[in-house]
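Hydrogens, waters and symmetry mates are skipped; everything else that's a heavy atom, side chains included, is used. Sequence lines set the chain letters: A, B, ... in the order given, protein chains first and strands last, and positions in each chain run from 1.
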Amino acid sequence: MLTLTAIRTQTQEIIERLAKRGIDRTADIQQILSLDESKRAKQTLLEQNLAKGNVLAKEIGDLFKSGDKAAADEKKAESIELKEAAKVLETELTEIDKQLTQKLYEIPNAPVAKVVYGKTPEENETVYEWGVDPVLPANAKPHWELTSQYDIIDFELGNKITGAGFPVYKGKGARLQRALINFFLDEAIKAGYYEVQPPILVNEASGYGTGQLPDKEGQMYHDKADNLYLIPTAEVPITNIYRDVILKEEELPIRNVGYTPCFRREAGSYGAHVRGLNRLHQFDKVEIVQIAHPSQSYEILESMLEHVKMLMTKLGLKFRILRLCGGDMGFASAMTYDFEAWSGAQQRWLEVSSVSNFETFQANRLKCRYKTKDGKNELVHTLNGSALALPRIVASLLENNQTENGINMPECLHPYLGFTNIN
RNA sequence: GGAGAAAUGGCAGAGCGGUUGAAUGCGGCAGUCUUGAAAACUGUUUUAGUGUAAGCUAACGGGGGUUCGAAUCCCUCUUUCUCCGCCA
């Protein structure tokens, strides 16, 4: 969530930046400011009351020691009165605070200067493009036909075992998954990331920490018996490692990478554009996460883009990078770049990675700070990106590399695959 | 899953109803000494809110309660440890 300090000191700027998402939050911001004001007023009253109570309690203690019971009892009565008043104040304060927090949770992050105004994906800016159109055979097929032709991914079998969106990877299909995961992890480690293997179920606090809750409650699978959520991305557990943590300034930046399966309910999406691997309920992803000094976070965002670019280039997939417009950005992000791979047979771009800087938005909820040299605690910036998500990479690889004699695998995967061609 | 014990500052570890934000040790930081370092000695060392500041308030795993007053008593949840059971 946005910090109260920012809302208080840069009110107008925040409103203008939020407007880039195509929303007007002026009224909400004003309400937050007035709630904040009445909260502080109430708090001052309560604290004055408590201070009096503390003095009284001490006096009563002293009177008891000196044996002056009558005087002590008199003060006791006064103390009880104070306490009742305090109880009322406290209830009021809690109520105001609840409203304030609720309001703060509802405000998305404010896009930074570079982000353009826009409401739809069409308004995203293309900032980079690489690769050439694949040359496909005359009867080129979309991946969902290729996967059944070569029997490497079985959607029907997944339907039987679990349901739609839970495919079974078979034979070379399964090995391709494993190869990609290992390739992505190894490349990240080479680039200086530290591998972690986090839990794939998280508690409620973690969901709030990275902003999935309360915003995207319905998008996560929820185990009600134990109140745990299946992660929609490794970002959640990996970033939450740093919840309630105060880091040393020299520890920054922290660079973590992790592979996990990801689970998304994707409620309400149907149709041809979500066919095959285009949208799944369970998929695999290697995620890079950085905890950064605020002065370095945009430099780091660039370096993360470079890393993903390198992966795409090695895989030989034609791709482009979009800087998302305000309206297309995720709730918690201050700036996001999407990578899209070209899908030759579908003749469309498929989103394969999303790299974002959240600035202090997550850190504020997580209470992740670093200690400056003069001993002050400041919020860190958090960043993350897919490097990469598998299904659409697989879709593009299969479609773009299909030939009359099978599907050729890119060279970078050969050592991981143990074969060079799916036929 | 059953039985028992426990949870205190960066760490170890006292305190078990009267001022305790918390003894002591270690670690960290600053200084004295030293050519420098070590040792020794001295000082300092949690966080959040509020306030221009002095200060005030809150926090001893989380939540609730008893009391004029709770780290200390009670309830509850969570976690950890020991023993038993089960088990990849």
| request: Could you summarise the pairing of RNA chain B as dot-bracket text, marking Watson-Crick and G-U pairs under 3.5 Å with ( ) or [ ] inside the strand and | across strands? | output: ((((((((.[[[..)..(.....]]]((((((.......))))))(((((....))))).[[[[[..)....]]]]])))))))....
| request: Would you sort out whether K314(A) and E187(A) count as a salt bridge (charged side-chain N to carboxylate O under 4.0 Å, His left out), showing the intermediate values? | output: CA-CA 11 Å; K314(A) 283 196 178 174; E187(A) 289 298 323; 3.2 Å; yes
If I take atom [atom1] in residue [X] and atom [atom2] in nucleotide [N], what distance separates them, rounded to the nearest angstrom?
{"X": "L93(A)", "N": "U50(B)", "atom1": "CG", "atom2": "P", "value": "12 Å"}
{"X": "E90(A)", "N": "G65(B)", "atom1": "CD", "atom2": "C1'", "value": "13 Å"}
{"X": "K367(A)", "N": "A59(B)", "atom1": "NZ", "atom2": "P", "value": "16 Å"}
{"X": "L63(A)", "N": "C68(B)", "atom1": "CG", "atom2": "C1'", "value": "11 Å"}
{"X": "I246(A)", "N": "A48(B)", "atom1": "CD1", "atom2": "P", "value": "6 Å"}
{"X": "D73(A)", "N": "U67(B)", "atom1": "CG", "atom2": "P", "value": "15 Å"}
{"X": "D244(A)", "N": "A48(B)", "atom1": "CG", "atom2": "P", "value": "12 Å"}
{"X": "N377(A)", "N": "U45(B)", "atom1": "CG", "atom2": "P", "value": "16 Å"}

| request: Answer yes or no on whether R323(A) is positioned over the face of Y337(A), meaning its NZ or CZ is under 6.0 Å from the six-membered ring centre and within 45° of the axis. | output: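 Here R323(A) fails the 6.0 Å and 45° test against Y337(A).
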| Cationic tip of K248(A) within the cone over Y370(A)'s six-membered ring, i.e. under 6.0 Å and within 45° of the normal? |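 No, K248(A) and Y370(A) do not form such a contact.
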| said: Do the side chains of E84(A) and K87(A) get close enough for a salt bridge, i.e. N-O under 4.0 angstrom? | reply: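 Here E84(A) does not pair with K87(A) in a salt bridge, since their nearest N and O are not under 4.0 Å apart.
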| field | R8(A) vs L46(A), nearer the 5' end of RNA chain B by closest nucleotide | value |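 In this pair, the answer is R8(A).
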| query | Hey, which of these two, S79(A) or A51(A), hits RNA chain B nearer its 5' end, going by closest nucleotide? | reply |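 Its nearest nucleotide lies further toward 5', so the answer is A51(A).
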Which nucleotide sits closest to the side chain of [X]: [options]?
{"X": "E47(A)", "options": "C68(B), G51(B), U57(B)", "result": "U57(B)"}
{"X": "Q43(A)", "options": "G18(B), A48(B), G49(B)", "result": "G49(B)"}
{"X": "F64(A)", "options": "U50(B), C68(B), U19(B)", "result": "C68(B)"}
{"X": "A57(A)", "options": "U50(B), U47(B), C68(B)", "result": "C68(B)"}
{"X": "I80(A)", "options": "U50(B), A58(B), C68(B)", "result": "C68(B)"}

Under 4.0 Å between a side-chain N/O of [X] and OP1 or OP2 of [N], yes or no?
{"X": "N54(A)", "N": "A58(B)", "value": "yes"}
{"X": "K83(A)", "N": "G69(B)", "value": "yes"}
{"X": "K371(A)", "N": "U47(B)", "value": "yes"}
{"X": "R369(A)", "N": "U47(B)", "value": "no"}

Using the [atom1] atom as the point on both nucleotides, what is the distance between [M] and [N], in whole Å?
{"N": "A30(B)", "M": "U46(B)", "atom1": "P", "answer": "16 Å"}
{"N": "C60(B)", "M": "A22(B)", "atom1": "P", "answer": "14 Å"}
{"N": "C81(B)", "M": "C68(B)", "atom1": "P", "answer": "41 Å"}
{"N": "C73(B)", "M": "G10(B)", "atom1": "C1'", "answer": "31 Å"}
{"N": "A5(B)", "M": "A53(B)", "atom1": "C1'", "answer": "49 Å"}
{"N": "U8(B)", "M": "A40(B)", "atom1": "C1'", "answer": "32 Å"}
{"N": "G31(B)", "M": "U24(B)", "atom1": "P", "answer": "24 Å"}
{"N": "G17(B)", "M": "G69(B)", "atom1": "C1'", "answer": "8 Å"}

| Base, sugar-phosphate, or nothing: which does L50(A) touch, judged by heavy atoms less than 4.0 Å apart? |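 Sugar-phosphate contact only - L50(A) comes under 4.0 Å of backbone atoms but never of a base.
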| request: Look at the aromatic rings of Y229(A) and H222(A) and report parallel, tilted or perpendicular, splitting at 30° and 60°. | output: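 Correct class here is parallel.
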| Under 3.5 Å donor-acceptor, R365(A) side chain and Y208(A) backbone |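 The answer is yes, because a donor-acceptor pair under 3.5 Å joins these two groups.
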| said: Determine whether K285(A) and T260(A) satisfy the following criterion, side-chain hydrogen bond (donor to acceptor under 3.5 Å, both in side chains), listing intermediate values before the conclusion. | reply: CA-CA 6 Å; K285(A) 181 158 64 66; T260(A) 67; 5.9 Å; no
| request: Give the C-alpha distance, both sets of side-chain angles, the deciding distance and a yes or no for side-chain contact (heavy atoms from CB on, under 4.5 Å) between Q43(A) and L93(A). | output: CA-CA 7 Å; Q43(A) 192 178 327; L93(A) 180 62; 4.2 Å; yes
Check: residues 324-332 of chain A side-chain donor-acceptor pairs under 3.5 Å, at least two apart:
from: D328(A); atom 1: OD2; to: N124(A); atom 2: ND2; distance (Å): 3.0

